[in-house]
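Letters A, B, ... mirror the listed sequences (proteins, then strands); counts begin at 1. Note that the structure is predicted; figures quoted are calculated from it, not measured.
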Amino acid sequence: MNIYNDLESLIKKKIKSKSKDLGIPIEVKSYRFNIERSKNPDRGDISTNAAMVFAKPLNIKPRLLGEWLTKELKCSAHIQSAEIAGPGFLNIRIKNDFWHSALKEILIEGPEYGKSELGIGKKVNIEYVSANPTGPMHVGHGRGAIVGDVLANLLEKAGFDVTREFYINDAGKQIDILAHSVFFRYQQALGKEISNIPEGLYPGEYLMDTGKKLAEMYGGKWLEVDKSKWLPTIKEFAVKEMLGLIRKDLELLGVKHKIFTSEKSLIDAFAIDEVIEYLEQQNLVYTGLLEEPKGKKSKDWEKRPQLLFRSSKFGDECDRPLKKSDGTNTYFASDIAYHRDKYLRGFNKMIDVWGADHKGYVRRMEAAVSAITGDNGTLEVRLCNLVNLFEDGEPIKMSKRAGRFVTLADVIDAVGKDVVRFIMLTRSNEATLDFDLSKVKEQSKDNPVFYVQYAHARTCSVIRNAAETFPYLSLDDSRLANADQKLIVDMDGYELVKLLCNWPKVVESAALAQEPHRIVFFLSEIASAFHTFWNRGNEDESYKFIIPSSAEKTVARVALARAVAIVIASGLAIVGVEAVEEMR
RNA sequence: GGUCCCGUAGCUCAGCAGGAUAGAGCACCAGAUUCCUAAUCUGGGGGUCAGAGGUUCGAAUCCUCUCGGGACCGCCA
């Protein structure tokens, strides 16, 4: 049950019949109108701008249409009153009976409450993390991993059939450098004197371990032979090791992918050649010269013929190279092949989560997806901005050279997985995020993770204490669902129920916008509302949840607290954070 | 040079695909509090939504320009 959706279809139905009566046929579906929680409670529970939206196409004055609509709506079983206000807003008040049944429904549905049918029957592929397998994950990768993972959870809650995918960039220059860096550590492990790490290689000490393992496995076998002999073996081994590191980090974060696709395996299967051939057939490929980028002078620029993709035909500024001037494939080419692979596996709807530094790449990739799917597929890219780490308000400078390199695992170790996951979603993914490691350890209301978890713990505490006060009462959800819910009226409990009833709408709109941070914002709002309720009990005994003189009242209020717990737990489940029951 | 993003309270940011008096947290000011977990709470001040035009019943939101900040810009991924 979703009151907003119910009202929407009711209003659409009414408008349809009105348009028939007026003899002005309109496509109701193609108009978008709002149905939202009233910001000001004096205006009722829910407001809509429907009358203003439909006034124009129906050629009728907004207030006239609004007056007619209010009359119609008042006939509905759940609607207490409907009034027209301002330029033509409808303010709707819902009957208390409805809130009773809504509360009951939350208790019956439990963790399922908030599920939506928005995405039923729709497959989505969401690709995230996709860090180069050249070392352990840093905090920025972690943000992408969490945003992707929570977005996947969110879309699942909204009914989509979600596949979580990781693209392994195990080909190309970076991997060459990795292999050479590992070879260097291998030599070192076999006793070669090292003064400093050669220019251009990865200096990270985490590679020493990989070098040692190679030395144990192969001894001095690779020392005196030609590079062409050792390179393939060491490459493969190094990638496997690095991927192992990344998977370990992901496990620490609680992030699990279903599919790992290797770039190298796509290349080996000639997927790139195939996709280029496909584009050639579509006449979207030609050999040409690119203009020199203006303003950014480089000494060694010279025009060279390259194989180019006509991305400008799909809204990109210029065409983009598929092959380097030496004839080898660009990363773009293999990325196109990869997205075509996803499309051929049955995914029309694809989402990629990237770092914000790849922004310039978005348009060409979208162009490519249009081309390779014949406009049957869509790619949507969510970008994640930087994470700045702080300790006691002071920025933690991260410098690989100075050896101060804070990895994701370090941060998880310092504050815990749940805190990392939650904090990463306290900003919209496009905004840079300041993450203060000392602040999130505080047990105070300044710490949003604590604030939300504490609200949940308090609801659990209410149930524990109620059970102690009334040992003979059964307080499981099915009993609570049958409580006499009118008894919450004298503590203004409906206000809380109304807020909880927004949960399905929050899930839907966050899923539509692909903005997982909205879940966290909503959780904070519920937590705040619940704490406010709680505190009222400190000022006035009659507002307490447990009323020793009345088992019936207590059961009704415990039901309310339990519903709060269900919604918070359900939101935390999407975020991937444990809902703790006690915080002593 | 070009493309894109951003500019909302002193600070950090929300603002749901144009809607009613622009919100929250921190900070500030004034009060409350032997509590079902006070690991606080209530109230208050504070805004020309960078600026100027435009679109319309209605703009923080859409369009144009100006100013300010940032990111990216062939053979890296």
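- Here, B:A71 and B:G25 have their P atoms 33 Å apart, quoted to the whole Å.
- Residue contacts for A:Asn169: at a heavy-atom cut-off of 4.0 Å it reaches the sugar-phosphate backbone alone, with no base atom in range.
- Base engagement by A:Tyr361 is indicated by at least one non-hydrogen atom pair under 4.0 Å involving a base atom.
- When both pairing distances are held under 3.5 Å, B:C67 makes a Watson-Crick or G-U pair with B:G7.
- Note: A:Phe530 and A:Phe545 meet the aromatic proximity criterion, with ring centroids under 6.0 Å apart.
- Taking atom P in both B:C65 and B:U3, one finds a spacing of 10 Å when rounded to whole Å.
- Residue-level contact check: A:Glu442 touches neither bases nor backbone, having no heavy atom under 4.0 Å from any strand.
- In this structure, A:Phe89 does not pack face-to-face on the six-membered ring of B:G19, missing the 5.5 Å centre cutoff or the 30° plane limit.
- Residue A:Ser325 places a side-chain atom within donor-acceptor reach of the base of B:C75, judged by atom type and a 3.5 Å distance cut-off alone.
- Residue A:Asn91 is in base contact, counting any heavy-atom pair closer than 4.0 Å across all strands shown.
- For A:Asn40 and A:Ser38, the side-chain atoms include no donor-acceptor pair closer than 3.5 Å.
- Using a 4.0 Å heavy-atom distance criterion, A:Gln443 is classed as a base contact.
- Contacts of A:Ser509 with the nucleic acid, taken as non-hydrogen atoms under 4.0 Å apart, involve only primed sugar atoms and P, OP1 or OP2.
- Residue contacts for A:Asn132: at a heavy-atom cut-off of 4.0 Å it reaches the sugar-phosphate backbone alone, with no base atom in range.
- Within 4.0 Å (heavy atoms only), A:Arg518 reaches sugar-phosphate atoms of the nucleic acid but no base atom.
- Between the base of B:A24 and the side chain of A:Ser524 there is no donor-acceptor pair shorter than 3.5 Å.
- For the pair A:Phe450 and B:A39, the ring geometry qualifies as stacking, because the centroid separation is below 5.5 Å while the planes lie within an angle under 30°.
- With a 6.0 Å cutoff to the six-membered ring centre and a 45° limit on the axis angle, A:Arg518 does not count as a cation-pi contact of A:Phe521.
- As judged by a 4.0 angstrom heavy-atom cut-off over every strand, A:His517 is placed among residues touching the sugar-phosphate backbone only.
- Checked against B:A20, B:U12, B:C75, the side chain of A:Thr330 finds its nearest nucleotide in B:C75.
- Set against B:G74, B:A20, B:U42, the side chain of A:Ala85 has B:A20 as its closest nucleotide.
- Between the side chain of A:Glu36 and the base of B:C16, at least one donor-acceptor pair of N or O atoms lies under 3.5 Å.
- Counting only N and O atoms by type, the side chains of A:Glu165 and A:Tyr338 include a donor and acceptor under 3.5 Å apart.
- Contact annotation for A:Thr432: backbone-only contact, meaning every heavy-atom pair under 4.0 Å involves sugar-phosphate atoms and none involves a base.
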